[in-house]
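First the structure, in the form of structure tokens, and then the observations on it.
By convention here, the first residue in the shown sequence is residue 1.
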Amino acid sequence: MSLKDKSVLFVSYNGMLDPLGQSQVIPYLRELSKREGVRFTLLSFERAAAWEPEGLARCQRLRQELAEHNIEWHWLRYHQKPSLPATLYDVIAGVWRAQALVRHNEVEMVHARCGIPTTIALPLNKLFGVKLIADVRGLVADEYAESGHWRTKSIAYRLFKMLERRALAASNGVVTLTEAIWPILKEWDVLRGRNVPHEVVPCCADLEKFRVDLSSRLGRRAELNVQDKFLVVYSGSIGSWYLTDQMADLFKTLLEMRPDAHFLWLTPGDHNSIKALMRERGVTTTQYTVRSVQSAEVPSYLSASDVGIAFYRPGFSKLATSPVKVAEYLACGLPVIINAGIGDSDALVTREGVGALVSNFATEEYTNAVKTVIGLLHDVEAVRRRSRGVSEKLFDVRGVGLERYARLYEQVCQ
């Protein structure tokens, strides 16, 4: 079935100026529009910076760029505090704008990217009969409960779980980030026995941007003054469900085996907290670097590194997690150290031989993981090729992601 001129409303609670919008929304819409002819209306929620003069200018430039790809972009303001009232306000504003867009653009299907967007999409499904793809980018309520932000008996938790189930009950198609969570979701009473089309679309990387770049490697290592160091990198947010303390513990273990090791933290988070936890472990300021860099600069810093690390707070919700940083590490030729129980990462690391798993946060586990990646890096070229090859096979935004979304669109639209 041709998707040419199918009118789809894509709703995202992530802003298009944010890194996730740039990496996990826009590339898919561009490719689906270009290759499949889908007409997209995009509705997103932008943070406060987007409403400043510089941010508004960026929005206008991006709107023009998207229009060239047959994507009509509309945005609303994201409200953060007070948490529940702010979110309810955003939902009401989103429904109000979305229903106008559905009528004006003759939308046939709504693609709702997790959580709040599916809540916005539900009334559209009921009022206009548009089809609904529930894109489960994680179990939001369970993530907040496991990270300590919500209690499981709180109003917020129960409300989000109810809306999650209603969205799945109304869905005409479902996307999950991992294979690991689907056997569980499809046995929920709202899906059990229904032959709902389903695709696994992990968080992919733009492999044209994230790639092994040896010239960038040399330049960045000189800039960081780590020319002869064994460079470990962490890229992303800190705190909450990101276990920075445990990553620092592993690095301390690494230093005992490789005194030439250096930890590169690429994070927009609180640099002072990173400095404090490194200081507590006796790591000197010459043995680590903390940087906040632009998204476009991240690939060059990854190319400069030798291994990527990502530790998450374990729990049920993490079965639904697909860390985009892992896809980006692999795309830049890096082996990965990650803790067990995070989405499909266990199978990925062990089956593909692209890193090491930490089963529990103990010194012995850290030692084994370090030995594994050091062993892999005895043949640097081989591990770079293997890591890059895995990213091309499993995490290419223009390959795996695009093909699976297109297949699901065809099933839902028929």
Could you tell me which non-hydrogen atom of [X] sits nearest to which non-hydrogen atom of [Y], and how far apart they are?
X      : Y      : value
Tyr329 : Tyr234 : OH-CA, 3.4 Å
Tyr28  : Cys204 : OH-CB, 3.3 Å
Gly236 : Thr267 : O-OG1, 2.8 Å
Asn105 : Ser7   : O-OG, 2.9 Å
Ala304 : Arg217 : O-NH1, 3.2 Å
Leu207 : Arg388 : O-NH2, 3.1 Å

With a 4.0 Å cut-off on N to O distance, would you call [X] and [Y] a salt bridge?
X      : Y      : result
Glu381 : Arg384 : yes
Arg220 : Glu223 : yes
Glu403 : Arg407 : no
Arg398 : Glu208 : yes
Arg221 : Asp306 : yes

Legend entry - Single hit among Tyr78, Tyr89, Tyr13 for ring-ring contact (aromatic ring centres under 6.0 Å, His included) with Phe45: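 Going through Tyr78, Tyr89, Tyr13 one by one, the ring-ring contact (aromatic ring centres under 6.0 Å, His included) with Phe45 is satisfied by Tyr13 alone.
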Inset, instruction - Could you tell me whether the side chains of Ser292 and His271 share a donor-acceptor contact shorter than 3.5 Å? - result: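 Checked: Ser292/His271 side chains show no N/O donor-acceptor pair below 3.5 Å.
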Legend entry - Pair Tyr157, Asp142: side-chain N/O donor-acceptor within cut-off below 3.5 Å: yes
Under the 3.5 angstrom rule, does the side chain of [X] hit a backbone N or O of [Y] as a donor-acceptor pair?
X      : Y      : result
Lys131 : Val412 : yes
His74  : Glu72  : no
Ser303 : Asp213 : yes
Thr253 : Thr363 : no
Glu365 : Ala362 : no
Asp344 : Ala180 : yes
Asn125 : Val130 : yes
Glu46  : Leu17  : yes
His149 : Ala141 : no
Gln22  : Met16  : yes

Is the closest side-chain heavy-atom distance between [X] and [Y] below 4.5 Å?
X      : Y      : answer
Val298 : Lys209 : no
Ser171 : Val196 : yes
Asn14  : Val25  : no
Met257 : Lys371 : yes
Thr176 : His198 : yes
Leu376 : Arg386 : yes
Leu250 : Phe361 : no
Phe10  : Arg113 : yes

Inset, instruction - Please check if the distance between the ring centroids of Tyr288 and Phe251 is under 6.0 Å. - result: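 No - the distance between ring centres of Tyr288 and Phe251 does not fall below the 6.0 Å cut-off.
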Legend entry - Ring centroid separation Tyr409 to His111 under 6.0 Å: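 So the answer is yes for these two rings.
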Inset, instruction - Using side chain to side chain contact (heavy atoms under 4.5 Å, CB included) as the criterion, point out the one residue from Val233, Leu231, Thr289, Val293 that pairs with Tyr301. - result: Val293
Classify the ring geometry of [X] against [Y]: parallel below 30°, tilted from 30° to 60°, perpendicular beyond 60°.
X      : Y      : answer
Phe263 : Trp265 : parallel
Phe311 : Tyr366 : parallel
Trp150 : Tyr144 : parallel

Inset, instruction - List the steps, then state whether side-chain contact (heavy atoms from CB on, under 4.5 Å) holds for Val107 with Leu101. - result: CA-CA 8 Å; Val107 167; Leu101 294 173; 5.6 Å; no
Output the distance between atom [atom1] ([X]) and atom [atom2] ([Y]), rounded to the nearest 0.5 Å.
X      : Y      : atom1 : atom2 : result
Met109 : Leu3   : CE    : CG    : 7.5 Å
Phe40  : Leu32  : CZ    : CG    : 4.5 Å
Leu124 : Thr118 : CG    : OG1   : 11.5 Å
Ile120 : Leu76  : CD1   : CG    : 8.0 Å
Ile309 : Asn339 : CD1   : CG    : 9.0 Å
Ser23  : Asp206 : OG    : CG    : 9.0 Å

Inset, instruction - Please step through salt bridge (Lys or Arg N to Asp or Glu O under 4.0 Å) for the pair Arg291 and Glu297, ending with a clear verdict. - result: CA-CA 11 Å; Arg291 289 270 174 104; Glu297 298 177 295; over 6 Å; no
Heavy-atom count check: over 12 atoms from other residues, nucleotides or ligands less than 6.0 Å from [X] [atom1]?
X      : atom1 : answer
Trp96  : CH2   : no
Gln60  : CD    : yes
Arg166 : CZ    : no
Glu54  : CD    : no
Lys161 : NZ    : yes
Arg63  : CZ    : yes
Gln227 : CD    : yes

Legend entry - Residues Leu255, Arg258; criterion side-chain contact (heavy atoms from CB on, under 4.5 Å); working and verdict: CA-CA 5 Å; Leu255 279 174; Arg258 289 288 301 261; over 6 Å; no
Legend entry - Option passing salt bridge (Lys or Arg N to Asp or Glu O under 4.0 Å) with Arg30 (candidates Glu68, Glu65, Glu36): Glu65
Legend entry - Pair Trp241-Lys318, side-chain contact (heavy atoms from CB on, under 4.5 Å): steps then yes or no: CA-CA 10 Å; Trp241 40 77; Lys318 289 300 169 281; 4.1 Å; yes
Inset, instruction - Evaluate the side-chain contact (heavy atoms from CB on, under 4.5 Å) criterion for residues Trp182 and Val136: first the C-alpha distance (whole Å), next the side-chain angles of each, then the deciding distance (0.1 Å), finally the verdict. - result: CA-CA 10 Å; Trp182 180 238; Val136 183; over 6 Å; no
